[in-house]
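To start, the structure itself, in C-alpha cells.
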Amino acid sequence: MHELSIVMSIVETAEQKVREHHAQTVESIDLVIGDLSGVDRHALDFAWEAGVKDTVLQAAKRTIIQVPAKAKCLECDCEFQIKELFDVCPLCGEPLLQIIQGKELQIKSMVLN
Ligand SMILES: [Zn+2]
C-alpha cells in the first residue's frame, strides 16, 4: 500500500529528529499534502494508525494542511488553481501547464517532547 510506505518514511524522519535532539517522543506533527499528491486521505488515516504504533509518533497530534494545486501557463505566464492535471489555462486556453504547487507531501513541522 502506497500510503503505508509514506507513513513509514514519515516515522523514519521523526525518529531521526527525535534522536538528533535527544527527545523522547513527538508531541505534534504538521503535514502538508497537495491536492495532486495522489494520497488518499482515508487510506492515509488507516495506514497512520498501523504505522505509528510503538513509534515516537504514536501519541502525536497530527495536523494535515491540504494545499490546493496551482499551475503556471507556459504560454502566457499566468498562475491559477487547477483541479486536474490536464486542466487548460483559463486565460488563453493552452494546455501547456507547469505544476508549481500541489504535489507535495512533506512534514511541515514537528514539536518534540
Ligand atoms: Zn495561458
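Atom set for the values below is all heavy atoms of this structure, side chains included, hydrogens, waters and symmetry mates excluded. Each ligand, and each atom within it, is numbered from 1 in the order the structure gives.
The main-chain N or O of Gly102 is found under 3.5 Å from a side-chain atom of Glu104 such that the two form a donor-acceptor pair. Proximity of a side-chain donor or acceptor of Glu79 to a complementary backbone N or O of Lys70 within less than 3.5 Å is not detected.
For the Zn ion (ligand 1), the count of nearby protein N, O or S atoms, meaning those under 2.8 Å away, is 4.
Residues Ile82 and Leu105 are members of separate hydrophobic clusters, defined by side-chain heavy-atom contacts under 4.5 angstrom among Ile, Leu, Val, Met, Phe, Trp and Tyr. Hydrophobic clustering (ILVMFWY, side-chain heavy atoms < 4.5 Å, transitive): Val52 and Ile107 are in one cluster. No single ILVMFWY cluster, assembled from side-chain heavy atoms under 4.5 Å apart, contains both Leu31 and Leu36.
Through direct or indirect side-chain contacts shorter than 4.5 Å among Ile, Leu, Val, Met, Phe, Trp and Tyr, Ile65 is connected to Val32, Val67.
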